[in-house]
Amino acid sequence: MTLSLATCGNSSKTASEPVADSTVQANAETDGETAGGDTQAGEEGDSYDELLEEIIPEETVTLDVFDQLANYSGEQIGWFGQVMLEKFNVKLNIIPDPDGVYETRMESGNLGDIVIWGNDSDEYQQAVQKGMLFDWNEDDILTDYGPYIKEHMPYALEKNANLSGGTTYGYGFDVAVDPSARGDIMYTWDVRWDLYKELGYPEIKNLDDMVEVLAQMKEICPKDDNGKTTYGVSLFNDWDGDMVMFVKSTATAYYGYDEFGFGLYDSEEQKYYPCLEKDGPYLTCLKFYNDLYQRGLLDPDSQTQKYDGMVEDYQNGTAFLNVFNFLGAAMYNSDSHAAEGKAMYPCPPEEATPIAYGLNVYGGNRIWSIGAKTEYPELCMAILNWLSTPEGRMTSEYGPKDVCWYYDENGKTCFTDLGRAAKLDMKTEMTDGYSGTFEDGDFKMNNETWALDTLNLDSNGDTYNYKKWDSFISEPNSEIEADWREYTKARTPDEYMGQRPYKLAPGTTYSAGTKSDELLVLWNQVADCIKTNSWKAIYATSDEEFDKIVDEMIAKANEYGYDKCIEFQENEVKLKAAAEDAVK
C-alpha cells in the first residue's frame with residue numbers, strides 16, 4: 001500500500017472534509033507533547049496522566065463488556081488481562097450475545113459498562129432511542145478522557161453523531177487516516193501449499209476444480225498432525241447472521257460481492273443479488289459446500305462445533321482450505337510446520353475476483369460505546385481512548401509493548417523474538433512476567449479501533465499490519481515459503497492478491513436503515529429459515545436432496561415475508577449506491 005505523505009497546509013478543513021494526507025495527523029502535537037501521552041486536558045490544565053490518576057480505582061474494579069462480537073465468555077485472562085490491571089486496575093468481564101441476551105439486558109435497563117455492537121442498525125438504534133448509551137459529550141467526558149479519539153478520529157465521531165440523531169455515543173471500528181488506501185485483501189483462499197506443490201500445481205479455474213484438488217489432497221494426506229481424518233474444509237456456525245457466514249463469505253471471496261441484508265451487493269456494478277436467487281452467488285456457493293460434503297471433504301462436525309473447534313482443526317492441519325487469511329494460514333503457519341516443509345498460502349481459483357475494502361476515515365459499522373448506567377464512564381472512556389492510541393492498537397493485536405514489539409531507532413516497527421513466535425503460533429508461552437500462552441490472553445473483545453492497514457501514527461510510515469513491515473518482509477523464512485514466492489512472483493499474500501483481479505468496495509458513510517418492528521419480526525423468521533435450511537442443504541447426501549431442500553427453503557422464506565425483506569433491501573441499495581457515488 002502506498003500512503004500519501006505530502007504536507008498539507010490547509011488548516012481550515014472541517015470534520016465533513018476528510019483528507020488523504022496523513023502527515024498532519026502523524027505529527028499532531030498538543031502543547032509540545034504527543035496526543036497519545038501527555039495531552040493537555042481539563043479546565044485547569046491538568047495533564048492527561050494526572051486526570052487518569054484521579055479516576056483509576058484504588059481497589060480493582062470489574063467492568064462488564066457486553067460484546068456482540070465476542071467468541072468468549074467470562075473474565076479476560078492472560079497477558080491482556082494483566083495489561084488492564086497494570087494500566088487501569090480493572091478486570092474485564094466479557095459478555096457475549098447469544099440468542100436472548102440482548103433482550104434480557106435491555107429489559108434490565110443496563111447493557112453493561114463498555115458496549116460493543118455487531119452493527120449500527122436496529123439493536124444499536126433501539127438502544128439509542130431508549131437511552132441505554134452514555135452521551136460522550138456529557139460532562140466533557142470525550143474531551144477530558146478521550147483526547148486521542150477526539151483529535152484523530154473526528155470523521156468517525158461525526159458519522160456516529162449523524163447516525164444517532166445528533167448525539168455522539170461512540171464510533172465505528174477500523175478507522176483509517178487515509179481514505180485513498182485499500183485494506184489487506186482478507187479473502188485469500190489459503191490452501192495447503194505443500195500438498196498443492198506435491199500434486200504438481202494443478203489448475204484451479206473455478207469452484208468445481210477446487211473440489212477436485214481438495215479431493216486429491218485428501219488422498220495424499222489422509223491424516224492430520226494428530227492422526228485425525230483430514231477434510232477439505234472445517235466450518236463453524238458462531239458467526240452466522242442473516243445467512244450462513246461461510247457460504248456468503250465464499251461468495252464474497254469468489255465474486256467480490258459484499259454481504260448486504262439477505263443477499264450480496266456488487267459495488268462496481270451497484271447491483272444486488274438476493275440470496276435465494278436461483279443460480280445466484282449464495283446458492284452457488286451453498287452447492288460448493290454440499291459438493292464438498294458429498295465427497296467426504298467437509299468436516300462433519302462443522303455445524304455443531306464452535307469457533308474454537310474450527311481453530312483447532314486448522315492449527316492441526318485437519319483441513320486444507322479456508323477463504324479467510326485469518327482463519328487459514330494464520331492458524332496453520334507456525335515455525336514448526338514451516339520446518340516440516342508445510343504451510344498454507346493463497347491459491348484462489350483463476351475466476352475468483354475477491355472483494356477488497358477501501359479504508360474508511362468514517363469507520364465501519366461495529367460500534368464502540370459506553371453503557372448509560374455505568375458507574376465508571378470516565379474510566380470506560382479512558383480505556384477506549386488507550387485502545388485507540390497506536391500503543392493500544394498494537395498491544396491488542398500483538399501483545400505488550402517492548403515484550404512483543406518495539407520501534408527501532410528509525411521508528412520502524414519490529415517484533416521481538418517472542419512477539420514473532422506468538423503471532424505465528426498463538427500457543428507460544430508468554431514471558432517477562434506475563435502468564436499463560438499468547439492465545440490464553442488474546443484480546444477477547446474481538447473488535448478493532450484503527451484499521452489494520454492504516455498508518456500507525458507513532459511509526460515511521462508503517463501500518464498496523466505486520467505482514468507489511470519492512471522488518472518482517474525479508475528473505476523467505478522457509479523453503480516452502482520460497483517455493484510459493486517463486487511460483488506467484490510475489491513477496492507477500494496481499495501483494496499477490498493485489499496483482500490479481502479484485503473488486504473494490506469503497507469506504508463510505510452508509511449505515512443500514514432502521515427496520516420497523518413488524519419488519520423485524522419477519523426478518524428474524526426469514527433469517528432463521530435461511531440459516532437452518534442452508535445447513536440442511538450443506539449436509540444433503542445427493543443433488544436431488546439438495547435441490548429439494550433449497551426449494552423448500554425458498555417456499556418457506558416466501559411464506560415468512562422474504563419479498564418484503566428484499567423490497568426493504570432494494571431501497572437500501574439506492575442509499576448505498578448514493579453514498580458510494582459521493583466518495584468517487
Side-chain angles (χ1 to χ4, degrees), residues 1-4 6 8 10-22 24-25 117 119-122 124-125 128 149-150 152-185 252 255-261 263-273 353-368 448-451 453-455 502-515 566-584:
M1 179 190 343
T2 302
L3 294 172
S4 170
C8 174
N10 184 359
S11 61
S12 63
K13 286 282 186 182
T14 67
S16 61
E17 301 176 78
V19 293
D21 172 23
S22 54
V24 172
Q25 290 172 290
W117 300 90
N119 61 63
D120 56 12
S121 56
D122 302 301
Y124 170 77
Q125 293 288 354
V128 168
I149 296 173
K150 184 174 182 179
H152 294 283
M153 298 177 169
Y155 316 122
L157 294 169
E158 179 198 27
K159 175 185 176 181
N160 182 265
N162 292 337
L163 174 70
S164 309
T167 303
T168 302
Y169 293 106
Y171 71 92
F173 81 126
D174 275 8
V175 179
V177 298
D178 181 357
S180 68
R182 71 159 174 84
D184 217 28
I185 297 176
T252 300
Y255 297 98
Y257 308 156
D258 203 12
E259 176 185 12
F260 200 57
L264 296 122
Y265 174 77
D266 179 359
S267 287
E268 288 191 358
E269 301 296 330
Q270 295 185 329
K271 183 177 179 181
Y272 183 56
Y273 297 86
T353 55
I355 199 168
Y357 295 100
L359 297 187
N360 194 345
V361 294
Y362 296 102
N365 64 347
R366 300 171 185 171
I367 294 179
W368 296 91
E448 298 85 38
T449 52
W450 291 107
D453 289 291
T454 202
L455 182 69
Y502 64 84
K503 294 205 170 191
L504 181 67
T508 73
T509 59
Y510 169 80
S511 291
T514 303
K515 305 175 187 70
I566 296 302
E567 182 181 349
F568 174 86
Q569 204 62 31
E570 292 283 7
N571 186 63
E572 292 293 296
V573 168
K574 298 175 184 177
L575 299 176
K576 187 172 180 68
E580 291 173 341
D581 291 341
V583 298
K584 289 180 179 177

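In this chain, numbering begins with 1 at the start of the sequence shown. Side chains included, hydrogens not; waters and symmetry mates left out as well; all remaining heavy atoms used.
- Between the side chains of Q270 and D581, at least one donor N or O lies within less than 3.5 Å of an accepting N or O.
- Looking only at side-chain heavy atoms (C-beta outward), L455 and W450 stay at 4.5 Å or farther from each other.
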Let me see the working for Y169 and T167 under side-chain contact (heavy atoms from CB on, under 4.5 Å), right down to the final yes or no. CA-CA 6 Å; Y169 293 106; T167 303; 3.5 Å; yes

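- Side-chain contact of T168 with N160: a donor-acceptor pair under 3.5 Å is absent, judged by distance alone.
- Not one N or O on the side chain of T514 forms a donor-acceptor pair closer than 3.5 Å with the backbone of D122.
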Check step by step if side-chain contact (heavy atoms from CB on, under 4.5 Å) holds for H152 and V177.
-> CA-CA 8 Å; H152 294 283; V177 298; over 6 Å; no

### Message
Using side-chain hydrogen bond (donor to acceptor under 3.5 Å, both in side chains), reason through E572 and Y272 one step at a time and then give a plain yes or no.
### Response
CA-CA 10 Å; E572 292 293 296; Y272 183 56; over 6 Å; no

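- Within the 4.5 Å cutoff, the side chain of Y257 has heavy atoms near those of the K503 side chain.
- Between the side chains of E158 and Y362, no donor N or O sits under 3.5 Å from an acceptor N or O.
- By the 4.5 Å heavy-atom criterion applied to side chains, K574 and N571 are counted as neighbours.
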Exercise for the section: Check the pair Y171 / Y155 against ring pair (Phe, Tyr, Trp, His ring centres under 6.0 Å), numbers first and verdict last. Expected result: CA-CA 9 Å; Y171 71 92; Y155 316 122; over 10 Å; no

Q: Could you walk me through whether Y265 and Y273 pass the ring pair (Phe, Tyr, Trp, His ring centres under 6.0 Å) test, one step at a time?
A: CA-CA 6 Å; Y265 174 77; Y273 297 86; 9.2 Å; no

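- The shortest distance between side-chain heavy atoms of F173 and I367 does not fall below 4.5 Å.
- Contact check on K271 versus D266 returns no salt bridge, with no Lys/Arg side-chain nitrogen under 4.0 Å from an Asp/Glu carboxylate oxygen.
- Under a 3.5 Å cut-off, the side chain of W368 and the backbone N or O of E448 do form a donor-acceptor pair.
- The two residues V583 and T508 come nearest to each other via the heavy atoms CG2-CG2, 4.0 Å.
- At least one side-chain heavy atom of Q125 sits less than 4.5 Å from a side-chain heavy atom of L163.
- In terms of heavy-atom proximity, A156 sits nearest to V175 at CB-CG2, 3.9 Å.
- A cation-pi arrangement, defined by a distance under 6.0 Å to the six-membered ring centre and an angle within 45 degrees of its axis, is absent between R366 and Y124.
- For the pair I149/L157, a side-chain contact is recorded, criterion being any heavy-atom separation below 4.5 Å from C-beta on.
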Determine whether I355 and Y502 satisfy the following criterion, side-chain contact (heavy atoms from CB on, under 4.5 Å), listing intermediate values before the conclusion. CA-CA 6 Å; I355 199 168; Y502 64 84; over 6 Å; no

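- Side-chain atoms of S267 and E580 include a donor-acceptor pair closer than 3.5 Å.
- The two residues K159 and Y510 have their closest heavy-atom pair at NZ-O, 3.9 Å.
- A pairwise comparison of heavy atoms in S511 and D120 identifies OG-OD2, 2.9 Å as the closest pair.
- Under the 4.5 Å side-chain criterion, counting only non-hydrogen atoms from C-beta, N360 is not in contact with D174.
- Annotation: side chain of T252 is in contact with side chain of L264 (closest heavy-atom distance under 4.5 Å).
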